[in-house]
Every structure is written in structure tokens, then in C-alpha cells.
Enquirer: 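Take this structure, written in C-alpha cells, and hold onto it; I'll ask about it next.
We use all heavy atoms of the structure for the numbers below, so side chains are in, but hydrogens, waters and symmetry mates are not. Model, not experiment: these values are computed from the prediction. One-based numbering along the sequence shown.
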Amino acid sequence: LRGCLELGVEFLSGLSVVDLSVPDNDDEMDEDTKKLWSLNPDARRVSILLSDGCRVHADLIIGADGIHSLIRSKMLSILGRPPKEPESCGYAYFRACLKTDRLPNPASYHEVAFESWGRGCRFGYVPLKKPETFWFIAVPITRAATSEDDESIEGGLAPVRGSRKCNDTIKHWLLSLIKTWKAPIDLEAMVEASDGSSILRTDIQKVSATTNFPWAVPDGRIILLGDSAHATSPNLAQGAGLAIEDAAELASLLAAACQCKDWSKALQFAAAEYQRKRKPRAATVQSLADTVARIGQLSGPAALARDCFMRFMTSAFPRLQQKIFELVTAWSLGGHPFRNTLHWELPSITGAAALHESNCLMARAMGKNLFSQLPAQMRRFRASPTGGSGLGEISVRRGFWCLGGLLG
């Protein structure tokens, strides 16, 4: 933000986009229109109408307005395509942040992040900056809503819109779902120590089939970025990372386009190349994130088969668990799952030939000073072009009947 301000970028807050318009291409205009355009340069540019009535003209609009993107809807309408609405993933996240100084032996809560799989549900936990921690429970949506605000938990969950604050009744219901679960920390103590009103419920959605619709208009004057193009479930914690990667790729392509004499053709090429490079990457992460939920939230005989298989693999091939973790991690971060190569490579915005620690994407996003304060193993992991060597463990901790933990 500081860097943008130093470059003279203008920020407008408290406003929303109402509409956008795109002028016709030169070859689609009559001579009178071309004469009018020569008198008014802004008429040749894309524009957005803001909620305060102001219209802003620009050479390029980047739609980074989230999963319910208005820019995406307007752009697809301009292209004569049907709207791309978010679709439900079929489960809800109940999540909260908690300070561990409210718990016995608080230091133990900052030693490991993990995810536990049960029958239809998952519990995830991530330590943040001490003393903060984050936990979530994924619960399937199993029935239709009886009203617009149907938040009842009787007979299962019904879908709701937006994020909702919970209460102690829902907290105790969540506790009942994980009562017999075992994990590296005390799950019940975590949930019990959280205030009911601090727990938020969000029904998970995604923008599916991200490779099957355009992320830009053909001339490149409107381009989608981040969740507006490829919102994914949060199971790999890759949503913000993908948006930062999009920005790095697009910035690199636009920087190259600015060096060309024919800006229009260069912008068309940049938009096409951006989609060619980023669509497969987003589709990979979305597929892996969906797979985590699909396997982790199995129920009935399928859950039993999963648990038996993973219990056998853990005991028979103990070294295989770390290899699986490393392969999936490398794949989700842009590496090839079976070769030490990349299927998406970070563009070198700075012009450096080699990707080294101080020049990795996270260092650019955080700033080198903050990045240098991270633990050494995290800096090495984040700077590795193929995902590094992650330390992970897959183990069965709930006995014969259920998978107890996916640790990483």
C-alpha cells in the first residue's frame, strides 16, 4: 500500500461499482463515431460508474472484486455469455480465532498445525502469531432451508447466505461432533474456550469450471484476477496466494506490453498469455482443494474403507506418508507432482535471472524486512520454486473406526 501511494495511485474507499462500459472496436465504428472519438480521448477507454455517480475512465480495468464479482457478470454479459454464479461446495465452515493464554499449557498449542478427519466432518487447526490460533470445523449441509433465515441445527444444516455469528447452542452442538476425537491438542478445550458469538459460520462456495469461461475480453481491456476468476474452497489455504500469483503474472505481462509500440496488440497478447498461464494453475489448486474435502468428509462405509486403507499404509509404509505430503504440497504450490519441474513459474519482475530467497513472491508481498523475520525453515520453503521439502505426517489416531489426523 505504501509503495502504491508513493507511485501516486489514487484510492477510493466506501464505494462500489455500479456499471461498466466498453466502447466498440475501431473496425466496428462508422466514420462519424471515429471523429467524435478523436475529439474525446476518454470515449476510447473502458469506464466504470461508481456508487457516488462518478464515472472513471481507464485503459484497463482489473476485476478483483471477489467471488460475487460484478465485473465478471458485466464482462460476461458484454461478451454475450451467461453469468457465472458461485456454486455451493456442500458444506459450511464454523471457525474462530482464540488466544491460547486462556488455555492450560499454552505453548503446546503452537507446535503443530493439523487437520483431523471424521465421519462427514473435518477439524482444522493452525497456530498464528502467539498467542493467537485459528480453528475450524467443516460440517456438511444436509437439508434444504425451510425459510430464508433457517439457522436451525435440528435434522442437520440448511444453507444460509453470507457469514453468520453463532451462539452457545451451536457451540455445544459443534462440541458434540468432535467429542471422541483425538489429536495433538485438546480439541474440546479449544472449542469450549471460544465464545459462542466469536464463532462464524460461512457456507463454502467456489467459482467452478474456471477454465471454461474467459477471464478477459478479447482486446484485454477488462481482466479478472483472484476470486472473481477462480474462487476456490479454503482447504489448501491457497486463495490469497493464487491472487498474488495472478497479480505477479499480470504485472510482468503488462510491464512487457508497455515497452511495445502497438499498445493495443500488446494488451491483447498479455490478456491471452495471462489466461494461458494462470488457468491450469487455478484449476489444479481448485481440484486438489475439492479432493481434500471429498476424502476428508466421507461418511458411512466409504469412511471406514478410507480409514482402514490409511491405517494400513501408515503402518506398512511409514516413509510414504511424508512423500505423499511433499508431492501434494509441491503440486499445490506450482510444482510438478512427479518431476522436479514447474508447471507454473514465478515471473521475474525484478529482472533477476535466479529466484533466491529475498526475491521470492512472499518476500515481495510482505516486504523483505518482514520476510527476513520468519523462521529460517519457512523462508526456505517459501523461496523454493518447487515447494521445498515440507515436513508432514499422516497418521491414524482414532483407532480402527476412523481417521484421526492429517498432520502437516
Side-chain angles (χ1 to χ4, degrees), residues 88-98 100 102-103 109 112-127 133-146 150-160 163-205 233-235 237 289-308 310-311 394-408:
S88 172
C89 292
Y91 53 92
Y93 262 33
F94 293 85
R95 65 195 193 279
C97 288
L98 176 69
T100 53
R102 302 173 58 179
L103 298 166
Y109 288 87
V112 65
F114 69 91
E115 189 170 296
S116 289
W117 294 353
R119 297 294 183 89
C121 301
R122 291 178 292 130
F123 185 100
Y125 171 80
V126 180
T133 60
F134 169 81
W135 63 263
F136 74 86
I137 302 178
V139 183
I141 296 170
T142 56
R143 64 180 180 86
T146 57
D150 182 3
E151 297 185 50
S152 171
I153 54 177
E154 295 294 329
L157 287 183
V160 299
S163 294
R164 305 290 180 95
K165 281 189 175 184
C166 298
N167 52 39
D168 286 339
T169 299
I170 293 179
K171 182 179 87 169
H172 291 123
W173 174 69
L174 293 172
L175 278 167
S176 71
L177 297 178
I178 60 168
K179 191 170 184 180
T180 60
W181 292 29
K182 296 204 172 17
I185 62 170
D186 189 338
L187 305 187
E188 289 186 73
M190 285 283 298
V191 179
E192 186 64 59
S194 303
D195 294 330
S197 60
S198 72
I199 301 172
L200 291 179
R201 172 192 171 171
T202 303
D203 288 12
I204 304 303
Q205 296 180 310
S233 60
N235 303 315
D290 289 344
T291 299
V292 169
R294 194 176 298 116
I295 298 176
Q297 293 178 227
L298 289 172
S299 59
L304 177 59
R306 173 200 67 192
D307 299 343
C308 291
M310 297 192 74
R311 184 181 179 87
I394 303 172
S395 59
V396 176
R397 291 178 173 263
R398 283 189 64 194
F400 180 78
W401 293 104
C402 195
L403 173 72
L406 175 64
L407 311 179

Enquirer: Please confirm whether the backbone N or O of Leu98 pairs with a side-chain atom of Thr133, one donor and one acceptor, at under 3.5 Å?
Expert: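 Yes, because the side chain of Thr133 sits within donor-acceptor range (under 3.5 Å) of the backbone of Leu98.
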
Enquirer: For Arg294, which residues count as a salt bridge (charged side-chain N to carboxylate O under 4.0 Å, His left out) partner, sequence neighbours excluded?
Expert: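 Arg294: no salt bridge (charged side-chain N to carboxylate O under 4.0 Å, His left out) contacts found.
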
Enquirer: Which pair of heavy atoms, one from Leu298 and one from Ala303, lies closest together, and at what distance?
Expert: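 Distance-wise, the nearest heavy atoms are O-CB, 3.5 Å.
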
Enquirer: State whether the side chain of Asn167 and the backbone N or O of Ile170 hold a donor-acceptor pair below 3.5 Å, judged by distance alone.
Expert: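 Present.
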
Enquirer: What heavy-atom pair brings Trp181 and Cys121 nearest, and what distance separates the two atoms?
Expert: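 Nearest heavy atoms, Trp181 then Cys121: CH2-O, 3.5 Å.
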
Enquirer: Which pair of non-hydrogen atoms, one from Ser299 and one from Gly120, has the smallest distance, and what is that distance?
Expert: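 So the minimum-distance heavy-atom pair works out to CB-N, 4.1 Å.
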
Enquirer: How are the rings of Tyr109 and Tyr125 set relative to one another: parallel (under 30°), tilted (30 to 60°) or perpendicular (over 60°)?
Expert: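 Answer is perpendicular, since the angle exceeds 60°.
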
Enquirer: For Arg122, run the side chain to side chain contact (heavy atoms under 4.5 Å, CB included) check against Ile137, Ile178, Val139, Val292 and tell me which one passes.
Expert: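 For Arg122, the side chain to side chain contact (heavy atoms under 4.5 Å, CB included) test succeeds with only one of Ile137, Ile178, Val139, Val292, which is Val292.
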
Enquirer: Would you call His172 and Glu192 a side-chain contact if the rule is heavy atoms closer than 4.5 Å?
Expert: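 His172 vs Glu192: side chains touch.
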
Enquirer: May I ask you to check whether Ser197 and Asp195 show a side-chain donor-acceptor distance below 3.5 Å?
Expert: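 Ser197 vs Asp195: no donor-acceptor pair found between side chains.
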
Enquirer: First locate atom CD of Gln297, then atom CH2 of Trp117, and finally report the distance between them rounded to the nearest 0.5 Å.
Expert: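 So the gap between those two atoms works out to 10.0 Å.
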
Enquirer: Minimum heavy-atom separation for Asn235 and Ala289, please, with both atom names.
Expert: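 Scanning both residues, the minimum pair turns out to be ND2-O, 2.9 Å.
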
Enquirer: State, with a plain yes or no, whether a side-chain heavy atom of Phe123 is found less than 4.5 Å away from one of Leu177.
Expert: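 No, their side chains stay 4.5 Å or more apart.
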
Enquirer: Give, for atom CD1 of Ile295 and atom CG of Asp290, the distance between the pair rounded to the nearest 0.5 Å.
Expert: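 Rounded to the nearest 0.5 Å, the CD1-CG separation comes to 11.0 Å.
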
Enquirer: What distance do Asp186 atom CG and Leu103 atom CG have between them, rounded to the nearest 0.5 Å?
Expert: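 If we round to the nearest 0.5 Å, Asp186:CG and Leu103:CG are 8.5 Å apart.
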
Enquirer: Measuring from atom CZ of Phe136 to atom CD of Glu115, what distance do you get when rounded to the nearest 0.5 angstrom?
Expert: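 Phe136 CZ to Glu115 CD: 4.5 Å, rounded to 0.5 Å.
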
Enquirer: With side chains defined as the heavy atoms from C-beta onward, is the minimum distance between Trp135 and Ser194 less than 4.5 Å?
Expert: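 In contact.
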
Enquirer: Using modelled atom types and a 3.5 Å cut-off, is there a donor and acceptor pairing between side-chain atoms of Ser88 and backbone atoms of Gly90?
Expert: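 Judged by distance alone, yes, a pair lies under 3.5 Å.
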
Enquirer: So which heavy atom on Ile141 is nearest to which on Ala92, and how close?
Expert: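 Closest pair (atom of Ile141, atom of Ala92, distance): CG1-N, 4.2 Å.
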
Enquirer: Distance check, rounded to the nearest 0.5 Å: Arg119 atom CZ versus Leu304 atom CG?
Expert: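 Reported to 0.5 Å precision, the distance equals 6.0 Å.
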
Enquirer: Would you mind reporting whether Ser163 and Arg95 have side-chain heavy atoms less than 4.5 Å apart?
Expert: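 In contact.
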
Enquirer: Could you report the tightest heavy-atom contact between Ile204 and Pro234, atom names first, then the distance?
Expert: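 The answer is CG2-CD, 3.6 Å.
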
Enquirer: Assign the ring pair Phe94 / Trp173 to parallel, tilted or perpendicular, where the plane angle (0 to 90°) is split at 30° and 60°.
Expert: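 Aromatic pair Phe94/Trp173 classed perpendicular.
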
Enquirer: Do Lys165 and Leu200 have side chains that approach each other closer than 4.5 Å (heavy atoms only, starting at C-beta)?
Expert: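 Of all side-chain heavy-atom pairs linking Leu200 with Lys165, at least one is under 4.5 Å.
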
